[in-house]
Structures are given as structure tokens and as C-alpha cells.
Amino acid sequence: MKPNQKKPSDINHIGASFRDPNGFLFIQEGRIYRQVNQSYREEYDFMMRSGLYNRLVDARLLLPHQEVPITPPQPDLAYKIIQPEKINFISYPYEWSFSQIKDAALLTLHTQKLSLEAGMSLKDASAYNIQFIHAKPIFIDTLSFERYQEGKPWDAYKQFCQHFLAPLTLASWRDVRLSELLRNHIDGIPLDLASVLLPWSSRFSLPIVLHIHLHAASQKRFAGRKVEYSGKFSRQAMFGLVDSLEDAVRKLTWKPKDTQWGEYYDETNYTPEGMAHKEKLVDEFIQIIQPRSLWDLGANTGRFSRLASQRGVPTIAFDLDPAAVEMAYLECKKDVSSNLLPLLMDLTNPSPSLGWNNRERMSLVARGPVDAILALALIHHLTISNNVPLEHLAKFLVGLGKWLLIEFASKEDSQVQRLLAVRKDIFSGYTKEKFEEIFSKSYDILRCDQIRDSQRWLYLMQRTEK
Amino acid sequence: MPTPFHELIDLASQLIIPSPSDAAYLDPGSGSFILQILLATLLGSLFLVKSFWRKIVVFFQKLFSKSSDDQGQ
């Protein structure tokens with residue numbers, strides 16, 4: 001072994017980066033780098049020289065990178081080391097709302113079109129190649145581009161349909177919650193499954209017939225058959241395929257309605273003065289702590305998250321309601337400079353570690369901690385609807401962030417009474433005094449203000465450093 | 001010898017009379033590749049027609065905007 005060569009065990013590979021033999025991501029001194037292997041040399045040089053890289057980066061479609069002169073972790077294989085621009089928070093397709101998946105799909109197809117125009121093609125179309133920087137999707141895998149070979153069908157067609165078209169079609173034609181199947185099927189929703197779950201009427205839509213139903217039938221019919229494709233798939237057919245997929249994606253729509261919390265702000269028992277007071281308090285607390293990053297847990301449509309993001313704080317707004325996340329995302333899209341990323345997350349069952357060796361996709365907790373946690377109108381849902389004891393809640397939150405802005409609604413609050421109306425009250429420990437006693441074991445309570453015209457209190461807490 | 005057209009018709013018939021579901025492992029790519037080849041002519045032709053139609057629309061849009069500009073002057 002050469003002196004500068006690290007042992008494989010010393011290389012801090014990123015768990016999701018192992019499939020592509022053309023390179024891998026690694027972490028060194030807290031920074032993420034990508035080793036580009038010699039096997040990708042010609043493709044990499046072609047992409048950089050053809051103008052494709054600049055065209056994609058200038059349009060903010062591809063994450064920019066810099067070539068850096070650091071010692072490769074595997075020098076025998078290495079061609080170059082590149083340092084991609086930093087992404088603050090990694091999110092996954094099963095955490096995206098309908099329009100987020102749709103925008104990621106359209107970005108992938110647009111990237112493929114521009115690649116074809118430059119004489120290249122995407123060799124994969126994984127939804128995990130896309131990340132959201134604020135409200136805008138961006139392609140992050142620099143090694144996904146290969147020189148286009150005329151006559152060859154698109155390698156990534158199947159993956160595109162499984163990762164994007166199937167969840168979008170199921171969400172649009174059947175039920176928006178079906179896109180969450182992506183969490184179980186890490187390489188996209190199998191097309192035979194999508195086909196049987198779709199309503200019979202979907203067979204009257206040509207793009208769905210071609211790319212889902214016929215595609216599933218073809219997979220079954222030709223399984224294991226040797227493919228001879230030489231010269232049979234023209235450049236025009238390739239553009240036609242991408243155009244047809246784009247047409248299919250654009251036609252798919254979903255309008256938020258009839259979900260649990262879609263109208264929550266309107267239905268709640270805050271008076272206009274109470275709501276204004278709550279907003280003023282949250283804003284004041286954010287100004288006091290000036291966090292570098294914030295997670296809003298149970299953010300609904302992100303009304304309070306925006307108080308932080310508008311002050312330049314990188315903010316993630318988590319909610320379990322697809323309608324709320326969709327509305328928050330559509331709102332964010334109006335302001336691309338927004339520091340807000342809305343995501344789907346059920347806190348009673350947050351995203352786990354997934355994939356090979358449980359290291360491909362990070363759990364929610366593994367993507368923390370952050371500087372501050374905002375937990376408004378949340379704990380009564382977790383405690384009363386989901387029986388999460390306050391002690392467990394405090395333990396969970398204290399691991400996520402140093403600062404905590406949390407709202408407590410007493411049993412006299414109408415929303416809490418609504419939750420208790422449908423079940424036996426077994427929550428004798430759910431009192432303001434008990435809440436303060438339990439949270440005081442982990443936090444210093446710096447402020448406690450009652451929200452005007454309500455039975456709710458807003459707390460500012462700082463984790464007790466031991 | 002079955003032509004791509006016959007293959008496509010045969011495949012399409014499975015949509016109307018689905019065969020019983022079995023738990024067979026699906027080949028990762030053959031079916032997707034073959035479908036693309038079977039659809040190549042259709043997709044290519046549709047794209048050609050669409051591109052041609054767009055050009056016609058753009059031509060008339062320019063023509064009418066030009067004539068309305070002329071009228072405006």
C-alpha cells in the first residue's frame with residue numbers, strides 16, 4: 001500500500017454511495033467530497049468540455065462542484081476529487097409532497113433533454129438524485145451522465161417510471177397517500193403493483209397505458225429475455241419518449257382537500273388577537289435566540305416556520321398532512337429565495353434508516369441535531385392522541401436541538417377537549433405544572449407567556465448543559 | 001415471425017384480459033427495453049407531429065401578432 005493510500009476501513013464513505021463503480025461520496029474533516037474514478041474519465045471530461053455542465057449549473061439545474069487537490073481515498077482508482085456545493089438538509093422522495101415529486105420528475109426530464117442536445121444521456125433517473133435547496137429541486141449526481149449512443153433505448157426509463165411516474169399517478173388517480181409506498185420500495189414503486197392499484201378508468205389515458213400498464217405487462221412478458229437493441233431506437237424516438245413522459249407528468253394533478261388538518265388554522269379556537277399575539281411571541285423568541293437552523297415540528301402550512309425563514313434561518317417545516325405540506329410548498333415556490341423546505345413527516349413514526357445495511361437513507365434523527373426546535377400546537381396531539389408520555393417527548397426533543405419553542409395547551413383548551421371527547425381521559429399527568437416539572441429536568445425555562453384569549457402557553461427553553 | 005406490431009397487440013391484450021398475478025421475480029430491464037423498442041415508431045412519430053404542429057402554431061402566432069402590430073401602427 002502506498003504511503004498516502006488510506007485503508008478501506010479509514011474511508012468515511014457515505015452509506016448511499018456504493019452502487020456506481022464510477023465514483024463515490026466520502027466525508028473528510030466534516031466536508032463532503034466525491035471521488036471520480038478513472039472509469040468515468042471520458043464521460044466526465046466530455047460533460048465538462050461539451051458545455052453541458054455549465055449550461056446545467058448556470059440554470060441551477062445541477063449542483064455545482066469544484067475540483068480540489070486533496071489526496072483521494074482510493075488513489076489507484078481516482079481520476080479527480082470534486083467538492084459539491086453544500087446542501088444543508090438531505091430529504092427523501094417519501095417525504096415530498098405531490099408537487100415536490102412532480103417538480104423533481106420534470107427536472108429529471110428537462111435534464112435528460114438538455115443532455116441529449118449536448119450528446120449525453122442520463123444513465124439513471126433515481127429520485128434520490130434530486131434534492132431541494134429551499135423550494136427548488138436540483139440534480140445532485142454529477143456521475144449520472146454518459147455519452148449518448150444512438151440506437152440504444154433509455155437505460156433509466158424503468159427507474160424513472162418507478163421513482164416518479166408510478167407515485168404521481170397513484171397519488172393523482174387513486175390516493176395521495178400511496179406515494180408513501182416509496183418508503184417501503186426504495187427503488188421505486190414496482191409497476192405491476194402500480195398497475196393493479198390504479199383504477200380501471202386509468203386505462204383510458206394513453207400515457208398511463210403506455211408507461212405503467214403496458215410497461216408492467218412488458219416486464220412480466222419479457223422477463224429474462226435477451227435484448228437486442230442495436231439501431232432500433234432512434235434519436236427521434238428517444239426525444240419522443242422523454243416528451244411523452246413529460247406530457248404524462250404534466251397532466252397529473254392533485255388538489256389538497258378533505259384531509260385532516262387542511263383547514264386547521266381556520267377552525268382553531270384562537271381569536272384574531274390571540275393568533276397575532278402568538279405570532280408576535282414566536283417572532284420575538286426567534287429574534288432572541290437567532291438560531292442557525294430550525295425544524296418546525298407539526299408545522300401545518302408553515303405559517304410560523306416562515307417567521308424564522310424570513311429572517312434568513314434555514315428552516316424545515318415538517319407535517320404529517322399531505323395537503324398542508326403541498327400548500328406550504330406551493331407557497332414557498334412563489335419566493336425561491338425562501339429558506340423554507342416543507343416536508344411530510346409523521347412524528348409518531350418518523351423516517352427510519354433505510355436501505356442496504358440501514359445506511360442508504362438516514363433517519364430523521366440522524367439528520368439532526370439542529371439549533372432550534374419549534375413545536376407549536378403539537379404536544380397535545382402526541383400526548384393525548386398517541387399516548388406519548390411527556391417524559392418521552394422531552395427526551396426526544398432534547399436530542400434534536402439546543403433551543404425549544406414549545407406550546408402547551410391545557411385540558412380546558414377546546415382543541416384538547418375535542419381530542420378527549422372521543423376517548424377516556426387517562427391523562428391525569430397532563431397538566432401545565434407537570435409539563436413544566438418534566439421539561440425542567442432537561443431544559444432551563446427562559447420564558448413562559450400565556451397566549452391571549454386562550455388556554456395555551458408559549459415557552460422558550462434552552463437545553464441544560466451538564 | 002412476430003413483428004413489433006404483433007408483439008404490441010399481444011401485450012395490449014393483457015391489459016384487457018389480465019393474466020393471473022404470480023409472484024415471479026420481474027426482470028430488471030428487459031421488458032422496459034423491449035417496450036421502448038416496440039413503442040419507438042409511435043413515440044417518434046408523435047414527437048414529429050407535435051414538433052411540426054408547434055412550428056405551425058408559432059408561425060401563425062407570429063403572423064397574427066405582426067398583422068395586429070401593423071394595424072396598431
Side-chain angles (χ1 to χ4, degrees), chain A residues 113 125 151-162 187-188 190-193 195-196 198 200 202-204 206-248, chain B residues 1-69 72:
Chain A
K113 270 202 223 172
K152 186 183 168 195
W154 190 22
D155 281 337
Y157 173 55
K158 175 193 160 198
Q159 196 173 41
F160 181 86
C161 293
Q162 291 189 169
D187 194 26
L191 298 181
D192 63 325
L193 178 61
S195 181
V196 295
L198 282 169
W200 179 256
S202 66
R203 283 165 173 78
F204 294 102
L206 182 65
I208 297 176
V209 167
L210 296 182
H211 303 302
I212 302 281
H213 295 302
L214 211 54
H215 198 165
S218 179
Q219 286 182 335
K220 187 175 179 184
R221 166 77 189 273
F222 298 113
R225 189 188 282 196
K226 192 180 174 194
V227 185
E228 290 170 13
Y229 55 81
S230 179
K232 287 183 179 170
F233 198 71
S234 67
R235 187 181 163 80
Q236 188 177 299
M238 176 64 96
F239 273 104
L241 175 71
V242 177
D243 192 69
S244 170
L245 289 168
E246 200 172 33
D247 192 40
Chain B
M1 187 183 160
T3 64
F5 179 71
H6 287 115
E7 291 273 27
L8 205 55
I9 293 293
D10 191 21
L11 206 56
S13 69
Q14 294 184 23
L15 299 180
I16 300 159
I17 313 163
S19 55
S21 174
D22 55 47
Y25 176 74
L26 294 174
D27 183 82
S30 297
S32 304
F33 260 52
I34 292 169
L35 180 67
Q36 289 182 73
I37 294 162
L38 294 175
L39 295 178
T41 311
L42 174 71
L43 294 171
S45 309
L46 282 175
F47 183 65
L48 198 68
V49 170
K50 206 170 160 184
S51 306
F52 189 63
W53 180 248
R54 274 184 198 143
K55 280 180 188 166
I56 292 172
V57 170
V58 170
F59 173 77
F60 278 104
Q61 275 175 342
K62 277 185 183 168
L63 196 72
F64 283 117
S65 65
K66 204 174 174 183
S67 62
S68 64
D69 285 351

Given a strict heavy-atom distance threshold of 4.5 Å, which part of B/Ser45 is in contact with chain A: side chain, backbone, both, or neither? backbone

Side chains of [X] and [Y], heavy atoms from C-beta outward: is any pair under 4.5 Å?
{"X": "A/Leu191", "Y": "A/Cys161", "value": "yes"}
{"X": "A/Leu210", "Y": "B/Leu42", "value": "yes"}
{"X": "B/Ser30", "Y": "A/Lys158", "value": "no"}
{"X": "B/Gln36", "Y": "A/Leu241", "value": "yes"}

Report, in residue-number order, which members of residues 50-58 of chain B are under 4.5 Å from chain A by heavy-atom distance. B/Lys50, B/Arg54

Which atoms of A/Asp155 come close to chain B, meaning under 4.5 Å heavy atom to heavy atom: side chain ones, backbone ones, both, or neither? both

A/Ile208 CD1 to A/Leu214 CG distance, which is reported to the nearest 0.5 Å: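 Rounded to the nearest 0.5 Å, the CD1-CG separation comes out at 13.0 Å.
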
Yes or no on side chain to side chain contact (heavy atoms under 4.5 Å, CB included) for A/Leu245 and A/Trp154, after CA distance, side-chain angles and deciding distance? CA-CA 12 Å; A/Leu245 289 168; A/Trp154 190 22; 3.9 Å; yes

Are A/Tyr157 and A/His215 an aromatic pair by the rule of ring centers under 6.0 Å?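 So the answer is yes for these two rings.
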
